[in-house]
Amino acid sequence: MSAPVAIEQFPRDYAAVVIGGGAGIGEAAARLLGARGVDVTVADRDGDAAEAVAAAIRDAGGAAASEVCDVTDEVAVRGAFNAAVDRCAVVHAVVNSAGIQGPLGRPSHEVEIDEFERTLAVNLTPGLTIARVAVPHFLEQGYGRILHVSSIAGKEGNPNMIGYSASKAGLIGLVKAQGKEYSRAGITVNALAPAVIRTPFLDSQPQSVIDYMIEKIPMGRTGELSEVAEMIAFIVSPAAAFTTGFVFDLSGGRATY
Ligand SMILES: NC(=O)c1ccc[n+]([C@@H]2O[C@H](COP(=O)([O-])OP(=O)(O)OC[C@H]3O[C@@H](n4cnc5c(N)ncnc54)[C@H](O)[C@@H]3O)[C@@H](O)[C@H]2O)c1
């Protein structure tokens, strides 16, 4: 048997849109993709943060631009995606890392309907919005990668995080259905289910909540941003061609299915 031959992970003209790319997991993914030669459009509701990440990619020798984009606003998502198509001619992948925690630390009967629905609007409904925006372009070219960052909370349910757990579980159901819808069109739709990763997202969490989450991780530690970014880069690469409608685990052994 001959030895495996190292190949570039991405073809030369590969382009991706990273929504929620201004911080945390999205930023780490955007920077790694940029470093691997992908032209990255960093989209975030925080335009300054998005531009700072795009500038860092350019400073490191990569290609990137930024767009202000609230993922709950279909017009804004379409605007960011179309700007990427205008700039790059073709977009190959969308990473959706935008997310909020929603109401925390209260059991379901103390959660207001509107705060629950707001969490779904940010964490779940964009699964449909992004398909509406990106899939027609992907169908035309017979290729596309969509990756939504879900959570272990969507698989197992975190108590007193009902909006978060329900929205992330919804996202898992969404990718399973969408993956099948486009399975013969060269388009993959997948989710990632990280356990606790040390990012600014966690800063607002009480230490007791963080400890609760770490205690459930057999490896006994949080995940590293570099570990998440590597997995995202693989999932949205051409090499990840035979996996769709799947939830990739990133949980230090916590997820057992
Ligand atoms: N950090 C963790 O431990 C962890 C674990 C599991 C899942 N996740 C998920 O990963 C994703 C990213 O989390 P993170 O830790 O990097 O968070 P973060 O807060 O560090 O970054 C989130 C980014 O999304 C942006 N954003 C928020 N709402 C937005 C909106 N409506 N439109 C556009 N952009 C918006 C923010 O401005 C920010 O730049 C989230 O979906 C989160 O649920 C995080």
Side-chain angles (χ1 to χ4, degrees), residues 17-32 41-54 56 66-81 94-104 117-127 129-130 133 147-158 161 163-172 174-175 191-205 209-214 216-217 221-229 231-232 235 247-252 254-255:
V17 177
V18 181
I19 304 174
I25 290 172
E27 174 181 357
R31 283 174 179 255
L32 184 65
T41 299
V42 184
D44 202 289
R45 71 175 172 190
D46 181 340
D48 292 342
E51 181 47 33
V53 173
S66 65
E67 295 290 330
V68 182
C69 168
D70 187 323
V71 76
T72 64
D73 176 356
E74 180 165 354
V75 173
V77 174
R78 202 171 287 286
F81 189 83
V94 176
V95 175
N96 172 29
S97 186
I100 57 170
Q101 296 167 89
L104 280 180
E117 288 182 343
R118 169 75 190 151
T119 315
L120 301 187
V122 178
N123 291 358
L124 173 57
T125 310
T129 311
I130 288 164
V133 167
L147 173 67
H148 295 288
V149 182
S150 177
S151 169
I152 188 84
K155 280 183 158 188
E156 299 200 352
N158 283 356
M161 292 180 79
Y164 190 75
S165 301
S167 60
K168 294 298 187 178
L171 205 47
I172 289 172
L174 180 138
V175 305
L192 186 64
V196 64
I197 310 294
R198 182 56 74 171
T199 68
F201 189 77
L202 277 189
D203 290 348
S204 55
Q205 297 263 18
V209 172
I210 297 171
D211 291 345
Y212 167 83
M213 291 188 278
I214 291 177
K216 289 184 163 298
I217 297 173
R221 65 170 176 88
T222 59
E224 297 295 329
L225 278 172
S226 59
E227 294 167 327
V228 192
M231 194 170 278
I232 291 176
I235 297 166
V247 184
F248 285 79
D249 169 56
L250 200 82
S251 69
R254 177 173 167 188

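Side-chain atoms are counted along with the backbone in the values below, which use heavy atoms only and exclude waters and symmetry mates. Counting starts at 1 for both ligands and their atoms, in listed order.
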Residues at least two apart in sequence or cross-chain that pass side chain to side chain donor-acceptor pair (under 3.5 Å) with E224, listed by chain then number, are none

Please list, chain by chain and in numerical order, all residues satisfying side chain to side chain donor-acceptor pair (under 3.5 Å) with T119, sequence neighbours excluded.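 If we apply the side chain to side chain donor-acceptor pair (under 3.5 Å) test to T119, skipping adjacent residues, there are no hits.
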
Measure from the side-chain N and O atoms of S150 to the backbone N and O of K168, and report whether any donor-acceptor pair falls under 3.5 Å. yes

Looking only at N/O atoms, are [X] and ligand 1 under 3.5 Å apart anywhere?
X: I100; result: no
X: V71; result: yes
X: D70; result: yes

Which part of [X] is near ligand 1, with near meaning a heavy atom under 4.0 Å away: side chain, backbone, both or neither?
X: C69; result: backbone
X: I25; result: both
X: A43; result: neither
X: Q101; result: neither

Residue-ligand contact A28/ligand 1, heavy atom below 4.0 Å: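 No.
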
So for A195, does at least one of its heavy atoms come nearer than 4.0 angstrom to any atom of ligand 1?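 For ligand 1, residue contact (heavy atoms, under 4.0 Å) with A195 is present.
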
Short list, please: which atoms of ligand 1 are under 4.0 Å from a heavy atom of V196? 3 (O)

E156/K216 ion pair, N-O < 4.0 Å: no

Does R221 come within less than 4.0 Å of E227, counting only side-chain N to carboxylate O?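 A salt bridge links R221 with E227.
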
Distance in Å, S167 OG paired with I100 CD1, rounded so as to fall on 0.5 Å steps: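 Interatomic distance, S167 OG to I100 CD1, rounded to 0.5 Å: 8.0 Å.
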
